[in-house]
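The analysis underlying the following values was restricted to heavy atoms, covering all of them including side chains, and did not include hydrogens, waters or symmetry mates. Note that the structure is a prediction, hence the values are computed from the model and not measured. Residues take their numbers from the sequence shown, with the count starting at 1.
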Amino acid sequence: MPHPVDPYDALPPVPAFTLRSDDIADGKTLDVAQRSAIFGRPGKDRSPHLEWSGHPSGTRSFAVTCFDPDALTVSGFWHWAVHDIPASVNELAAGAGDPAGTHLPAGARTLTNDAGRRGFLGAAPAPGEEPHRYMFVVHALDVPTLDDVTTTASPAWLGFRLVAHGLARARLTPVFGIPGGSG
């Protein structure tokens, strides 16, 4: 069954640029590395490699987010949110979303995800649900920093600022689901 809602369709349109990864691809199932062990299932909570190109020349910084619009909540689920990535950076290595942020470029700031943890949290849908979409998005921004987005801000607040300062977006949307019952 196709998912009816793409939350990015409700935002003001911006140009697209290119996003590629050694670890994830549109419509492909997430590997165990990008799944979460939070509920006792196999997973490593390792953010994927991301590499982007073709962003607008006026880009002054980037943000990276991962959002699951299919989580059984009225607000989806934010798995990862990082901003203030310098405009000179065009790639994050696999594992850059570790809780300490040690593999992020200098100046980048990570927000707490919807599980209350800092860093990337992998996929963990309930068994039997339709596969969820995990929207990995790189946002090209017109400012070097989002000073009004503190590390205690929510990813939703970051989302407001990404719309206000967004020049372009690049996206990859892998999927993951656990067959019904036993997981």
Residue list, side chain to side chain donor-acceptor pair (under 3.5 Å) with [X], at least two apart or on another chain:
| X | value |
| --- | --- |
| Asp26 | none |
| Thr73 | none |
| Ser36 | Asp45 |
| Ser75 | none |

Report all side-chain donor-acceptor pairs from residues 99-110 shorter than 3.5 Å, counting only partners two or more places apart or in another chain.
from   : atom 1 : to     : atom 2 : distance (Å)
Thr102 : OG1    : Asp98  : OD2    : 2.9
Arg109 : NE     : Asp84  : OD2    : 3.0
Arg109 : NH2    : Asp84  : OD2    : 2.9
Arg109 : NH2    : Leu146 : O      : 2.9
Arg109 : NH2    : Val149 : O      : 3.4

Check: How about His132 and Asp68: does a side-chain donor come under 3.5 Å of a side-chain acceptor?
Finding: yes

Check: Hey, any chance Val82 and Leu172 share a hydrophobic cluster, counting ILVMFWY side chains that come within less than 4.5 Å of each other, even indirectly?
Finding: yes

Notebook entry, point to check: Donor-acceptor pair, Asp23 side chain versus His49 backbone, under 3.5 Å?
Noted result: yes

With sequence neighbours left out, what residues match [X] under salt bridge (Lys or Arg N to Asp or Glu O under 4.0 Å)?
| X | result |
| --- | --- |
| Arg171 | Asp6 |
| Asp148 | Arg161 |
| Asp22 | Arg20 |
| Glu129 | none |

Identify all side-chain donor-acceptor contacts of residues 54-61 below 3.5 Å with residues at least two apart in sequence or on another chain.
from  : atom 1 : to     : atom 2 : distance (Å)
Thr59 : OG1    : Pro56  : O      : 2.7
Ser61 : OG     : Val143 : O      : 2.6

Check: Who are the ring pair (Phe, Tyr, Trp, His ring centres under 6.0 Å) partners of Phe176, not counting sequence neighbours?
Finding: none

Notebook entry, point to check: Does anything in residues 80-99 pair up under ring pair (Phe, Tyr, Trp, His ring centres under 6.0 Å), and if so which pairs, sequence neighbours excluded?
Noted result: Trp80-Phe120

